[in-house]
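Some notes on the structure that comes next.
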Amino acid sequence: MTESYNPAALEPPIRERWEASNSFHAPDRPGADSYYCLSMFPYPSGHLHMGHMRNYTISDVITRFHRMNGRPVLQPMGWDAFGLPAENAAIARGVPPAKWTRDNIAQMRDQLKALGFAIDWDRELATCDPEYYRWNQWLFLKMLERGIAYKKTGTVNWDPVDRTVLANEQVIDGKGWRTGAVVEKREIPMYYLAITEYAEDLLAALDDLDGWPERVRAMQANWIGKSVGMEITFPYAGGRLKVFTTRPDTLMGATYMAVAPEHPLARAAAERCADVAEFVQSCSTGGVSEADLAAQEKRGIDTGYTVRHPLTGTDLPVWIANYVLMGYGEGAIMAVPGHDERDFEFANKYGLPIVQVVRPEADGHVYDATEWQDWYTAKENVRLVNSGAYDGLDYEAGFEAIARALEQKDMGARRTQFRLRDWGISRQRYWGCPIPIIHCDDCGDVPVPEQDLPVTLPEDLVPDGSGSPLARREAFLACECPRCGKPARRETDTMDTFVDSSWYFMRYPCADNGRAMVDERTNAWMPVDQYIGGIEHAILHLLYARFWTRVMNELGLVEVREPFANLLTQGMVLAETWYREDESGRRTWFNPSDVEVERDARGRIESARLVADGKPVHFGGVEKMAKSKNNGVDPAALVAHYGADTIRLFSMFAAPPEQSLEWSEAGVEGAWRFLKRMWQNVHDHVAAGTPGAPATAGLSDPALEMRRRVHETIAKVGDDFGRRYTFNTAIAAVMECSNHLARFEVGSDTDLAIAREGWEALVRLIAPVTPHIAQALWQALGHEDDILAAGWPEIDEAALLQNKITVVVQVNGKVRGRIEAAPGASRDALQEQALAEENVARFVADREIRKIIVVPDKLVNIVVKT
RNA sequence: GCCGGGGUGGCGGAACUGGUAGACGCGCCGGACUCAAAAUCCGGUUCUGGAAACAGAGUGCGGGUUCGAUUCCCGCCCCCGGCACCA
């Protein structure tokens with residue numbers, strides 16, 4: 001053992017040893033106690049960033065902890081390899097997306113390996129491999145057969161200059177990112193997956209996902225958005241206008257109708273009237289994202305049409321409103337401005353009538369039609385007013401009475417509506433999985449026969465930002481119709497990359513199977529025991545994966561319906577930002593590693609300057625690591641400087657996994673110092689000689705105390721790793737115990753044996769976090785085996801017993817003293833001892849004691865009259 | 001705009017079931033070693049007062065429940081994530 005800690009020399013041979021002995025291989029048939037630990041696979045951008053590093057360290061700690069506890073573990077890795085950034089790189093640099101992506105994968109694989117993750121690399125996969133995406137295509141065809149996949153039109157962002165479809169992130173302030181042209185909404189045919197058929201099941205099953213964070217379940221439930229209400233018909237001369245409402249009880253308060261700009265009635269009105277046509281046209285500019293739509297100012301126009309109220313027969317005007325969404329419900333609403341905030345705002349803006357039909361039972365609520373108040377939407381303890389025969393009914397009774405009246409007249413039906421929309425998977429892009437469809441003039445859209453899969457994506461194309469290059473590649477386009485044999489054209493749309501990520505976790509166990517999508521090995525490992533990834537995937541990816549797993553289950557491919565038993569959503573990685581501003585207010589951002597900070601005597605930041613020129617820079621706050629703020633820290637560079645263990649240690653220590661993590665160079669230094677100290681301490685301990693067998697009887701008080709601390713730490717760390725996933729507190733406990741052990745004075749062979757037991761425990765406790773140094777120290781302590789096989793240290797319950805406990809004494813809830821007591825001391829004894837304590841007695845003095853609360857082994861609170 | 005989360009010393013964070021607020025680490029202050037510096041080691045460090053003992057205040061802001069609230073309830077402010085074609 002060398003005297004000083006030298007990770008650069010120490011880490012690589014240990015990784016080679018793991019690789020040579022195939023240490024992280026997962027068996028095909030693992031048995032009942034198997035543990036599948038999965039991280040969200042990365043998009044191969046070329047550089048491993050801190051978010052990845054954090055994500056994979058979390059799962060590596062969990063993986064290694066379970067391995068040390070003797071369970072068969074699968075920790076795989078793969079690449080989410082299709083997507084927009086590869087096309088952007090192609091546009092910027094002229095490199096084919098395929099080459100760019102594969103080069104990036106090679107580079108990132110090396111970076112991952114340098115971090116020492118216990119990954120079974122034999123199961124690696126990339127979604128851009130034809131052997132992977134052929135099963136996307138295959139399952140898509142199965143979905144077509146079952147009617148789960150179907151075709152309809154959808155709205156996209158259209159750049160009129162590049163003549164191409166834009167992603168939402170490519171639309172900036174309603175304009176195209178490259179051309180600056182005002183983006184238009186366009187309707188195009190697309191393939192959809194009927195996830196709404198599964199809405200009820202996806203929602204109900206959330207209740208059983210008790211291994212998921214409550215907030216993720218809440219977000220998914222809100223996303224699915226189940227509403228129980230009614231579809232109500234408003235007849236007019238030319239037909240019937242249908243709306244969906246969750247508040248049929250307020251029907252008597254409906255004063256106008258509002259339809260989406262894309263609604264057939266709006267189109268009809270636009271044909272009759274130029275002003276209406278202009279309004280509808282003006283609604284077709286700007287992006288399609290919900291955030292854009294929801295944030296825009298409410299605007300509308302009267303169509304001139306009227307419909308009849310189904311119960312009163314009154315004529316109601318039909319307006320077109322930009323806040324009504326064609327994709328939800330019927331694309332039309334009955335506006336009840338008295339009790340819906342959006343309708344209220346709209347009615348006030350356009351001078352439409354507002355009628356109050358609900359009033360609270362309690363007094364003191366005055367309705368004001370010019371100012372919105374929260375109680376207007378109340379459903380509890382309210383009564384109907386201004387509603388004719390329905391006056392005086394509460395919400396439930398009003399709902400029921402009006403629902404019956406409508407049903408009798410055949411003007412309404414009870415219905416459950418979901419906010420969730422079907423999943424549009426068509427993308428007008430090149431770098432994705434081709435949709436296996438052939439267009440024939442005679443036969444229409446014909447599925448590619450199963451034996452012709454995969455439809456392979458040509459890999460030599462370079463997109464230029466205007467339209468899909470596939471549409472210009474004749475060799476790809478030209479084909480024969482599988483049904484009639486005539487010349488036909490291939491579909492050029494590719495699939496949403498969320499398709500790729502909806503089942504990759506089921507492919508890892510059987511990644512080498514060329515004949516089937518999944519096999520019995522998938523069933524052997526699924527479900528995933530622990531899934532770890534960013535909170536930003538809480539809704540879409542996780543919902544699509546749950547849906548896709550259900551479909552595979554119904555096709556008899558897998559036994560599970562829910563893919564992820566436990567979910568851990570990690571927080572973002574942040575760093576300080578530093579900038580200078582020029583005269584025009586433009587900011588130049590400097591990397592935190594190039595900035596030197598001066599502090600005052602209290603440790604507060606006083607000033608900061610750039611190391612390069614010594615001139616001042618300004619603090620721009622702590623923000624998510626991003627290129628735009630130049631505050632990214634490259635994990636690969638840090639590994640080269642400190643070694644993998646230090647980086648792993650800091651990123652697990654600085655914050656609990658669910659919270660955001662603030663990167664700090666000084667904090668990394670602290671982690672480095674701890675490892676150096678631990679190395680030195682173990683070195684000194686080994687140099688002191690080899691102890692005999694550990695004794696547990698006849699120990700001195702300090703030895704008993706030391707041993708108690710060690711076993712308390714074993715218990716604490718096991719609980720933190722196995723149950724709480726608070727790696728920061730586990731590491732803090734190891735540090736604390738290590739500090740005590742370093743100070744523990746060894747005066748006898750018995751003491752040396754206690755110290756040996758302590759160091760052997762601590763080295764194993766820290767091993768999941770810092771596996772390289774732990775392996776080296778384990779060997780230094782005289783063991784030849786792999787520390788993963790050494791097993792988790794066992795707790796000696798007898799060592800945990802204490803003969804004295806500190807009990808806090810409060811007077812009126814304020815701590816006034818502490819007493820030492822035997823564990824399990826009686827209430828009376830504690831009370832007596834507490835009152836005798838000097839400072840306590842001072843505060844109690846001769847005041848009247850009202851009561852005394854005793855929490856055994858913890859606290860005594862004496863309540864006195866003041 | 002809608003949905004979800006967060007706010008504790010100079011900083012990252014701890015306090016797990018309502019029971020000692022600030023574990024552990026960083027930074028800072030003082031000391032040792034050194035010709036000096038770095039590294040390392042030792043001590044101190046929520047704020048205010050006090051030499052100390054100790055006292056008062058204190059977990060974004062305002063209120064409430066309780067013997068006791070960072071923790072539970074109500075109202076507000078600020079920051080962050082998602083919003084269906086970024087992944």
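Reminder, nothing fancy here: chain letters follow the sequence lines and each chain counts from 1.
- Taking every heavy atom of residues 806-816 of chain A and every atom of RNA chain B, pairs under 4.0 Å involve V808(A), Q810(A), K814(A), V815(A), R816(A), by number.
- Here F498(A) lies in heavy-atom contact (under 4.0 Å) with a base.
- At most 12 heavy atoms of other shown residues, nucleotides or ligands fall within 6.0 angstrom of atom NZ in K858(A).
- Per the geometry, CG belonging to D80(A) stands 13 Å off P belonging to rC86(B), to the nearest Å.
- Aromatic ring centres of Y504(A) and F41(A) lie closer together than 6.0 Å.
- Between E214(A) and R217(A), at least one side-chain nitrogen of the basic residue sits less than 4.0 Å from a carboxylate oxygen of the acidic one, meeting the salt-bridge criterion.
- Ring geometry for W663(A) versus F650(A): interplanar angle over 60°, hence perpendicular rather than tilted (30 to 60°).
- Between N88(A) and rC86(B), a side-chain N or O to OP1/OP2 separation shorter than 4.0 Å is absent.
- Q428(A) comes within 4.0 angstrom of a nucleotide base, judged by non-hydrogen atoms across all strands.
- Among the atoms of the strands shown, base atoms are found under 4.0 Å from some heavy atom of I853(A).
- Taking the six-membered ring where the residue is Trp, the centroids of Y192(A) and W423(A) are separated by 6.0 Å or more.
- Remark: the Q417(A) side chain and the S227(A) side chain contain no N/O donor-acceptor pair separated by less than 3.5 Å.
- In this model, the phosphate group of rG5(B) is not approached by any side-chain N or O of R215(A) to a distance below 4.0 Å at OP1 or OP2.
- Closest to the N728(A) side chain, of the nucleotides rC26(B), rG13(B), rC54(B), is rG13(B).
- At least one side-chain heavy atom of W578(A) sits under 4.5 Å from a side-chain heavy atom of V597(A).
- The residue K716(A) sits close to a base: some heavy atom pair falls under 4.0 Å.
- Using a 3.5 Å distance cut-off with no hydrogens or angles, the side chains of D720(A) and T729(A) do pair a donor with an acceptor.
- Base contact: N861(A) has a heavy atom under 4.0 Å from a base atom.
- Ring geometry for F82(A) versus W431(A): interplanar angle over 60°, hence perpendicular rather than tilted (30 to 60°).
- Applying the 3.5 Å distance criterion, the base of rC86(B) shares no donor-acceptor pair with the side chain of Q170(A).
- Nearest to the side chain of E290(A), among rA84(B), rC16(B), rC86(B), sits rA84(B).
- For the OP1/OP2 pair of rA55(B) and a distance below 4.0 Å, the side-chain nitrogens and oxygens of N839(A) include at least one atom meeting the criterion.
- Note on F843(A): only backbone sugar-phosphate atoms sit closer than 4.0 angstrom, heavy atoms only; bases stay farther off.
- Residue contacts shown for R419(A) include a base, since a base heavy atom lies under 4.0 Å away.
- Atom CG of L542(A) is separated from atom P of rG81(B) by 18 Å (rounded to the nearest Å).
- The N739(A) side chain lies nearest to rG25(B) when the options are rA23(B), rG25(B), rC85(B).
- Across all strands shown, W423(A) has no heavy atoms under 4.0 Å from either base or sugar-phosphate atoms.
- Nucleotide rG25(B) holds its P atom 18 Å from the CH2 atom of W663(A), rounded to whole Å.
- Within 4.0 Å of H541(A), counting heavy atoms only, lies no atom of the nucleic acid at all.
- When distances are taken from the side chain of P656(A) to each of rG81(B), rC24(B), rA14(B), the shortest belongs to rA14(B).
- When the options I853(A), I849(A), I852(A) are evaluated for a side chain to side chain contact (heavy atoms under 4.5 Å, CB included) with V863(A), the one that passes is I853(A).
- With Y323(A) as the aromatic partner, R342(A) does not meet the cation-pi criteria of under 6.0 angstrom to the ring centre and within 45 degrees of the ring axis.
- With both ends at atom C1', the span from rC24(B) to rU8(B) equals 16 Å, rounded to whole Å.
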Between protein and nucleotides 69-80 of chain B, what N or O pairs are separated by less than 3.5 Å?
none

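- When distances run from any side-chain atom of E736(A) to the nucleotides rC24(B), rC86(B), rC85(B), the shortest one goes to rC24(B).
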Produce the list of close N/O pairs, under 3.5 Å, pairing protein atoms with atoms of nucleotides 9-12 of chain B; give distances to one decimal.
from, atom 1, to, atom 2, distance (Å)
rG12(B), O2', A654(A), O, 2.8

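- Using a 4.0 Å cut-off between charged nitrogen and carboxylate oxygen, E736(A) and K716(A) do not count as a salt-bridge pair.
- As judged by a 4.0 angstrom heavy-atom cut-off over every strand, V156(A) is placed among the base-contacting residues.
- Where RNA chain B pairs in unbroken runs of 3 or more (Watson-Crick or G-U, both distances under 3.5 Å), the stems are B:1-7 with B:77-83, B:10-12 with B:24-26, B:27-32 with B:40-45, B:46-49 with B:54-57, B:60-64 with B:72-76.
- Ring geometry for H49(A) against H52(A) counts as parallel: the plane angle stays under 30°, on a 0 to 90° scale with 60° as the upper cut.
- Of the side-chain N and O atoms in N222(A), one or more sit less than 4.0 angstrom from OP1 or OP2 of rG4(B).
- Heavy atoms of A666(A) sit under 4.0 angstrom from primed sugar atoms or phosphate atoms, though from no base atom.
- With hydrogens and angles ignored, no donor-acceptor pair closer than 3.5 Å exists between the side chain of R850(A) and the base of rC67(B).
- Residue pairs meeting the salt bridge (charged side-chain N to carboxylate O under 4.0 Å, His left out) criterion with at least one member in residues 646-664 of chain A, sequence neighbours excluded: D60(A)-R648(A), R215(A)-E658(A).
- Among the heavy atoms of the strands lying under 4.0 Å from M190(A) is at least one base atom, whether or not backbone atoms are also near.
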Check nucleotides 38-41 of chain B against the protein and report each pair of N or O atoms closer than 3.5 Å, with its distance, or say if there are none.
none

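- In this structure, K851(A) reaches the rC67(B) phosphate: one of its side-chain N or O atoms is under 4.0 Å from OP1 or OP2.
- Contacts of V165(A) with the nucleic acid, taken as non-hydrogen atoms under 4.0 Å apart, include base atoms.
- Proximity of T729(A) to the phosphate of rA14(B): no side-chain N or O atom is located under 4.0 Å from OP1 or OP2.
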